[in-house]
Visitor: 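For reference, the structure I am asking about is given below.
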Amino acid sequence: PTSRRVGEMLSKVNEYIERFAIGMIVFDEVQQINFTSQNENSFNALMAMANNTMVAIAMIGTDEAIAQIAKIKQVGRRFGIRIPCDAYTTNKDFLDQILLAIEPYQWFGKQQKLSTDIKNEIIKESHGVIAYIVLIYMLICMDYVTATEKPEEINLKYVKNIINRYFGL
């Protein structure tokens, strides 16, 4: 876009920030930005908008893209802390709490407590990603409900079988 067009877009964004009391703008996939010298002006305009409206700006993207953006003088000095969004995936205590929270939601014949081995297997195979932990747990429950021969208890062998069947691991 031309500088005039960028100005018009920023003016419209300013208007929306004020009208809807927006506190933060999140830019996702910043690695898609074309890092040419003319883009520096766009970043400066963005920072001016942030200063004028007091809106926070968050950027989500690859480490390389964030490093590239940080090289722009007016932007780099305003960067806050880096929050690694995947840090929780290696936090065993946190992941145990996730499993503890979803454990009561089960479709087994009787309430069952997941063993430490089962929890560790789910965490290992999900790579600690919450969405996959929930998916694996749901598949265990759904498999149990649809099975013609239901096991007496949910054990590690049963869980591994389900993971292998659905994910081919």
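We use all heavy atoms of the structure for the numbers below, so side chains are in, but hydrogens, waters and symmetry mates are not.
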Visitor: Can Met54 be reached from Met59 by stepping across I, L, V, M, F, W or Y side chains whose heavy atoms are under 4.5 Å apart?
Guide: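 As far as the 4.5 Å side-chain criterion goes, Met54 and Met59 are not connected within one cluster.
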Visitor: Among the clusters formed by ILVMFWY side chains lying less than 4.5 Å apart, do Val134 and Trp107 turn up in the same one?
Guide: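 Yes.
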Visitor: Evaluate the side-chain contact (heavy atoms from CB on, under 4.5 Å) criterion for residues Tyr88 and Val129: first the C-alpha distance (whole Å), next the side-chain angles of each, then the deciding distance (0.1 Å), finally the verdict.
Guide: CA-CA 8 Å; Tyr88 75 89; Val129 176; 4.0 Å; yes
Visitor: Going by the rule side chain to side chain donor-acceptor pair (under 3.5 Å), which residues pair with Lys92 if we only count those two or more places apart in sequence or in a different chain?
Guide: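 Listed in chain order: Asp96, Asn120.
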Visitor: Which pairs with one or both residues in residues 49-60 pass salt bridge (charged side-chain N to carboxylate O under 4.0 Å, His left out), sequence neighbours excluded?
Guide: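 Residue pairs passing salt bridge (charged side-chain N to carboxylate O under 4.0 Å, His left out), neighbours aside: none found.
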Visitor: Can you name the nearest heavy-atom pair linking Gly128 to Leu95, along with the distance?
Guide: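 Here Gly128 and Leu95 meet closest at O-CD2, 3.5 Å.
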Visitor: Would Glu18 and Thr53 count as a side-chain contact (heavy atoms from CB on, under 4.5 Å) here? Give the steps.
Guide: CA-CA 7 Å; Glu18 296 297 326; Thr53 61; 3.8 Å; yes
Visitor: Asp63: what forms a salt bridge (charged side-chain N to carboxylate O under 4.0 Å, His left out) with it, not counting sequence neighbours?
Guide: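 Here the qualifying residues are Arg82.
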Visitor: Partners of Gln112 by side chain to side chain donor-acceptor pair (under 3.5 Å), sequence neighbours excluded?
Guide: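 Listed in chain order: nothing, the list is empty.
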Visitor: Report the C-alpha distance between Ile130 and Phe94 in whole Å, list the side-chain angles of each, state the deciding distance to 0.1 Å, and finish with yes or no for side-chain contact (heavy atoms from CB on, under 4.5 Å).
Guide: CA-CA 10 Å; Ile130 295 171; Phe94 176 75; 3.8 Å; yes
Visitor: Using side chain to side chain contact (heavy atoms under 4.5 Å, CB included) as the criterion, list what pairs up with Gln111, not counting sequence neighbours.
Guide: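 Once residues adjacent in sequence are excluded, the partners of Gln111 under the side chain to side chain contact (heavy atoms under 4.5 Å, CB included) criterion are Pro104, Gln106.
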Visitor: Starting at CD1 of Ile123, measure out to OG1 of Thr90 and round the result to the nearest 0.5 Å.
Guide: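 The distance works out to 11.0 Å.
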Visitor: Got a sec, which hydrophobics cluster with Tyr105, joining ILVMFWY side chains under 4.5 Å apart, including via others?
Guide: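 Once heavy-atom contacts under 4.5 Å are chained together, Tyr105 still belongs with nothing else.
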Visitor: Please name all residues satisfying side chain to side chain donor-acceptor pair (under 3.5 Å) with Glu15, sequence neighbours left out, ordered by chain then number.
Guide: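 Checked Glu15 against side chain to side chain donor-acceptor pair (under 3.5 Å); matches are Arg19.
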Visitor: Do you know the tightest heavy-atom contact between Leu114 and Tyr137?
Guide: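 Between these two residues, the closest heavy atoms are CD1-CE1, 3.7 Å.
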Visitor: Between atom CD1 of Ile122 and atom CG of Leu156, what is the distance when rounded to the nearest 0.5 Å?
Guide: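 Here the interatomic distance stands at 9.5 Å.
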Visitor: Any chance you could measure Lys157, atom NZ, to Asn155, atom CG, to the nearest 0.5 Å?
Guide: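 One finds 8.0 Å between NZ of Lys157 and CG of Asn155.
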Visitor: If the condition is ring-ring contact (aromatic ring centres under 6.0 Å, His included), which residues does Tyr132 pass it with, not counting sequence neighbours?
Guide: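 Residues passing ring-ring contact (aromatic ring centres under 6.0 Å, His included) with Tyr132: none at all.
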Visitor: So if you build clusters from Ile, Leu, Val, Met, Phe, Trp, Tyr with side-chain heavy-atom gaps below 4.5 Å, do Ile154 and Tyr166 land together?
Guide: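 Linked, Ile154 and Tyr166 end up in one cluster.
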Visitor: Can you sort out the partners of Lys160 under salt bridge (charged side-chain N to carboxylate O under 4.0 Å, His left out), two or more places apart, ordered by chain and number?
Guide: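 Per chain and number, Lys160 pairs via salt bridge (charged side-chain N to carboxylate O under 4.0 Å, His left out) with no residue.
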Visitor: Show me the side-chain donor-acceptor pairs of residues 139-151 shorter than 3.5 Å, one per line, residues at least two apart or across chains.
Guide:
from	atom 1	to	atom 2	distance (Å)
Asp143	OD1	Arg165	NH1	2.6
Asp143	OD1	Arg165	NH2	3.2
Asp143	OD2	Tyr158	OH	2.8
Tyr144	OH	Gly109	N	3.2
Thr146	OG1	Met142	O	3.0
Thr146	OG1	Asp143	O	3.4
Lys150	NZ	Tyr144	O	3.1
Lys150	NZ	Val145	O	3.0
Lys150	NZ	Ala147	O	2.8

Visitor: So, for Ile133 and Ser126, which heavy atoms are closest and what is the spacing to 0.1 Å?
Guide: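 Scanning both residues, the minimum pair turns out to be CG1-OG, 3.1 Å.
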Visitor: Applying salt bridge (charged side-chain N to carboxylate O under 4.0 Å, His left out) as the test, list every pair that has at least one member in residues 105-120; sequence neighbours left out.
Guide: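 Pairs touching residues 105-120 that pass the test: Glu103-Lys113.
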Visitor: Do Phe167 and Ile136 pass the side-chain contact (heavy atoms from CB on, under 4.5 Å) test, and can you show the C-alpha distance, the side-chain angles, and the key distance before you say yes or no?
Guide: CA-CA 9 Å; Phe167 298 104; Ile136 290 170; 3.7 Å; yes
Visitor: Kindly give the cluster partners of Met24, where membership spreads through any ILVMFWY side chain lying under 4.5 Å from a current member.
Guide: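 Same cluster as Met24: Val26, Ile60.
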